[in-house]
Student: 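Mind having a look at this structure? Questions to follow.
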Protein chains: 2
Amino acid sequence: MSELEKYIQTYFGVSNEELSKISAYFKPTTLKKNNYFSKEGRFCDKLGFVQSGIIREYVFIGDREITKWISTSGYFVVDLYSFVFQQRARWNIQALTDCELYVIDQKDYQQIGKVVARWAELEKLFIAKCFTILEDRVLTHLSMTAEERYNQLFNFNKELFNQVPLQYLASMLGMTPETLSRLRKKAAK
Amino acid sequence: MSELEKYIQTYFGVSNEELSKISAYFKPTTLKKNNYFSKEGRFCDKLGFVQSGIIREYVFIGDREITKWISTSGYFVVDLYSFVFQQRARWNIQALTDCELYVIDQKDYQQIGKVVARWAELEKLFIAKCFTILEDRVLTHLSMTAEERYNQLFNFNKELFNQVPLQYLASMLGMTPETLSRLRKKAAK
DNA sequence: TAAACTTCTTGATTTTTGTCAAGAGCAATC
DNA sequence: GATTGCTCTTGACAAAAATCAAGAAGTTTA
């Protein structure tokens with residue numbers, strides 16, 4: 001069973017038969033370093049699963065780039081607003097390294113509902129799960145200092161700090177690169 | 001048409017027939033000031049629509065109360081995690097004033113799917129919409145100062161600052177009451 | 001109505017975080 | 001293999017925000 005299938009299995013709990021029908025719609029693709037999966041203002045009409053590599057989601061606020069999220073293997077990448085509502089994308093989604101993705105386009109995605117009767121229900125559950133994760137993220141900004149947020153992320157995923165330019169992690173944590181650098185130094189003692 | 005029906009109509013775009021079936025499941029209820037709609041650690045097995053009054057959603061972090069959101073008329077209130085996944089509630093949801101609510105319990109809620117064929121799809125769209133709103137909220141913490149967040153909320157809803165204890169708004173904005181007080185003074189000039 | 005609370009503001013001070021500038025260390029490139 | 005960029009760190013300083021303490025103003029309670 002592929003990583004993608006394991007992931008779908010775990011998250012959506014479908015039967016083996018349904019699973020293989022669903023995963024057949026996802027096509028293996030590569031995305032070269034610095035290339036974009038989705039761009040602000042365009043339409044994001046596909047959903048990707050990260051098999052390998054690292055992908056950054058960011059947006060320009062004035063002339064600053066704000067990194068919303070870094071996806072590594074096992075994550076889905078999509079501009080949800082664009083994909084679900086057929087509106088213009090809000091995020092730039094760019095490969096930080098060469099990536100292997102499994103990608104499904106909107107047309108095929110809509111076919112899943114015909115194969116798996118309760119698909120809309122499973123989607124609802126998945127998005128609700130994502131919602132609660134985002135709630136937690138808001139809470140970290142309401143209740144924690146920059147130092148606490150750094151320590152939390154570092155303890156959650158130390159590897160990230162070797163793989164991703166620190167300036168992006170700083171932005172994702174809501175602090176400047178200089179502050180992140182100092183917190184790293186402080187924590188290393 | 002009631003406020004609730006208008007709201008469901010706007011957000012879910014169902015037919016008049018479906019609408020009256022759905023809204024019939026919601027029962028008018030009152031929630032007295034300081035009483036709880038949901039409590040941390042219990043099960044939140046109902047969904048409410050705020051017809052009038054103000055409701056606060058908060059959680060204890062250590063001995064601090066962190067206010068996640070303030071709902072006024074036109075909002076739904078629910079501990080989504082608990083309601084959707086039948087897990088223990090994460091939030092305390094408490095009336096700040098006497099409230100009029102329309103409430104539906106989980107059992108009746110599940111009936112809606114039998115009345116409106118594409119209900120799971122509509123739920124998905126609604127939760128996806130909520131997700132994108134939360135994304136924007138995270139972004140405000142990544143890109144804006146306390147002062148900018150205050151000004152944004154004040155411009156969005158001035159009334160809130162007359163109706164809700166400022167300490168709760170400060171918490172929801174991710175700052176101390178003292179800082180909010182000073183920003184108010186500064187902005188008033 | 002007085003007393004007890006609660007909420008909000010203000011001042012003084014400390015801590016945290018951001019800004020600006022410089023330089024070190026690497027990797028890419030020509 | 002020098003040059004150019006890019007990333008990260010560091011220092012000095014400034015700004016933002018938190019903390020602590022006190023008191024004013026308004027509410028609730030007895």
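Values reported hereafter were calculated over all heavy atoms of this structure, with side chains retained and with hydrogens, waters and symmetry mates removed. Every chain is numbered from 1, with letters handed out A, B, ... down the list of sequences.
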Student: Quick one: is B:Thr176 getting a side-chain N or O under 4.0 Å of the D:dA18 phosphate, OP1 or OP2?
Tutor: yes
Student: Can you check the B:Leu183 CG to D:dA18 C1' distance for me, whole Å?
Tutor: 12 Å
Student: Please confirm whether the shortest side-chain N or O distance from A:Arg182 to OP1 or OP2 of C:dT17 is below 4.0 Å.
Tutor: no
Student: Mind calculating the distance between NZ (B:Lys186) and P (D:dA17) to the nearest angstrom?
Tutor: 8 Å
Student: Quick one: closest heavy-atom pair of A:Gln111 and A:Tyr25, and the distance?
Tutor: CB-OH, 3.2 Å
Student: Could you give the CG-to-P distance, from B:Leu96 to C:dT7, as a whole number of Å?
Tutor: 11 Å
Student: Should the pair A:Glu178-A:Arg182 be classified as a salt bridge under the 4.0 Å nitrogen-to-oxygen rule?
Tutor: no
Student: Using a cut-off of less than 4.0 Å, is there contact between a side-chain N or O of A:Thr179 and OP1 or OP2 of C:dT17?
Tutor: no
Student: Could you check which residues of residues 154-175 of chain B get a heavy atom under 4.0 Å from DNA chain C? Sort them by number, please.
Tutor: B:Pro165, B:Leu166, B:Gln167
Student: Is the distance between the ring centroids of B:Tyr168 and B:Tyr58 less than 6.0 Å?
Tutor: no
Student: D:dT9 phosphate, OP1 or OP2: any side-chain N/O from A:Lys185 under 4.0 angstrom?
Tutor: no
Student: One pair to check against ring pair (Phe, Tyr, Trp, His ring centres under 6.0 Å): B:Phe49 and B:Tyr7. What are the steps and the verdict?
Tutor: CA-CA 9 Å; B:Phe49 173 83; B:Tyr7 196 87; 5.4 Å; yes
Student: Keeping the roles fixed (side chain from A:Gln94, backbone from A:Arg56), state whether a donor-acceptor pair exists under 3.5 Å.
Tutor: no
